[in-house]
Undergrad: 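What follows is a structure written as structure tokens; I'll ask about it next.
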Amino acid sequence: MSGAAHDFGFEHVPETDQSFENALAKARAGERLTVDDGVELITTGTDREGIDPERKELVLEAADRRRAEVVGNDVTFVANLNNNVTTACNTGCLFCNFKNTAHLFEADSDADHGGFTKTPAESRDIVADAVEMGIYEVTSVSGLHPALVLDEEHREILEAYDNPAAEVNYKPPEAYDTDPASYAEQLSAMSAAGAHVHSMTPEEAHHAKRGTDWSYEEVYRRLADAGLASAPGTAAEILVPEVREVICPGKIGTDEWVAGIEGAMEADLDVTATIMYGHVETEKHRVLHLDVIRDLQDRYGGITEFVPLSFIHQNTPLYDRGLVTGGASDDEDELMVAVARLYLDNVDHIQSSWVKFGNAKALKLLNCGADDLMGTILSEEITKRAGGGFGEFRSFDDYVDMITAIGRRPVERSTDYRTRRPIDPDDGPHGPTLGPRADGTPLLDGRRDPATADD
Ligand code: SF4
């Protein structure tokens, strides 16, 4: 456990009948790893206390070699914008400081909550503006606002409950300062300008079907009709029930998350997968999580990338209540990425998140098995509000400088990785070309000096 301040009495602890040497030999040979193999690699051997630096280097080397075999030397990134609709949420996950309790947003509340809710018109304007600047993708992940519904049919169903607030976490838009409208209206507004809309985690899809007997597939099909193009596999955290009971008891369970992602793929949407690690979980939980993802990919094949998200502990209830003393160490971050690369033999792309790690570590992780450096992120509320100190935007020139500095080739990509444009480092200044209005002009040209946009 990285920063756990308690013994949570977990059933799953890192003990195996495997040896580190055998597990490493299997990884090097490209054999499919078992959970025990993964535990040996991610702990650098359960026969030793703590991380063994020499063994760690062997694991990182094996992962880096596998990365080169699978995807070569390209480092990809996407021109994107974050446009989250609302921070209103009653779920109360203990690792989250993104949300604000929803009643603070009610029309008769005079609390200064510091959060926000956007109308579809506001979302449309924000995305249209960014599309004009050249972005390809908008990512949108929001709190579970009680007034948010899938569409008007869904609203009618929820309003027919005797006590919708208590039974199905629904309150009418009139109860709030700002009406977020429906998911369908928000997605339609964001897709209107031509951006690829990457939104609706399984948790949000669950909110979009609450109080009905609709399947996830049906919900995702309706969302796709409204403009959704792909779904982020966030809200996964750690897909092991005993961990979720500690960090997010109000959230959907592991089976429900898996059903949600399956529904998205059944609706022909690409999805991503994530892990949020470095809090109360053990190394065994991390590998069990990888096993869930690998199994999903075996059955459906629609996971485009895996994104390890290192827990940022500052300003979270988990930390404030003393349940954790910090997040993952650098060694743990490196091993998480490396073992993800080795374990997920059916997922091509492993992402290194500069928002979570900062530039230097994000680059280091590209030598531990990762091959994608996420996106430009013109706005990023979630990490900023949880205390991440790594700025909000990376220009194409920043990307080209960082990626060429480690001897790799920068490649602009689409969300699904199917469209890729290698970038000539000598042909600057660099800007996006894959978005509907992108013509190679640097993203913030004329708005703001990219040289001052860092951190
Ligand atoms: S992680 Fe999501 S569901 Fe949980 S409290 Fe935060 S915004 Fe709400």
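Whatever order the structure lists them in is the order used to number ligands and atoms, beginning at 1. The shown structure was predicted, so the numbers you read here are calculated from the model rather than taken from an experiment. For reference, positions follow the sequence shown, starting with 1.
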Undergrad: How close do Ser182 and Leu148 get, counting heavy atoms only, and between which atoms?
TA: C-CD2, 4.1 Å
Undergrad: Please list the nearest protein heavy atom to atom 5 (S) of ligand 1 with its residue and the distance rounded to 0.1 Å.
TA: Cys93 N, 3.4 Å
Undergrad: Starting from atom 8 (Fe) of ligand 1, what is the nearest protein heavy atom, named by residue and atom, and what distance separates them?
TA: Cys89 SG, 2.4 Å
Undergrad: From atom 2 (Fe) of ligand 1, work out which of Lys99, Met276, His207, Lys251 has a heavy atom at the shortest distance.
TA: Lys251
Undergrad: Search all heavy atoms of Glu203 against all heavy atoms of Ala235 and return the closest pair with its distance.
TA: CB-CB, 3.7 Å
Undergrad: How close does the nearest protein non-hydrogen atom get to atom 6 (Fe) of ligand 1, and which residue and atom is it?
TA: Cys96 SG, 2.4 Å
Undergrad: Tell me, please, whether Trp214 has Arg221 positioned over its six-membered ring: NZ or CZ under 6.0 Å from the ring centre and within 45 degrees of its axis?
TA: no
Undergrad: Considering the heavy atoms of Gly92, write down every atom of ligand 1 situated less than 4.0 Å from one of them.
TA: 5 (S)
Undergrad: For Leu144 versus Cys89, what's the shortest heavy-atom pair and its separation?
TA: N-SG, 3.4 Å
Undergrad: Of all the heavy-atom pairs spanning Ala102 and Pro146, show the shortest one and how long it is.
TA: CB-CD, 3.5 Å
Undergrad: What atoms of ligand 1 come within less than 4.0 Å of a heavy atom belonging to Phe95?
TA: 1 (S)
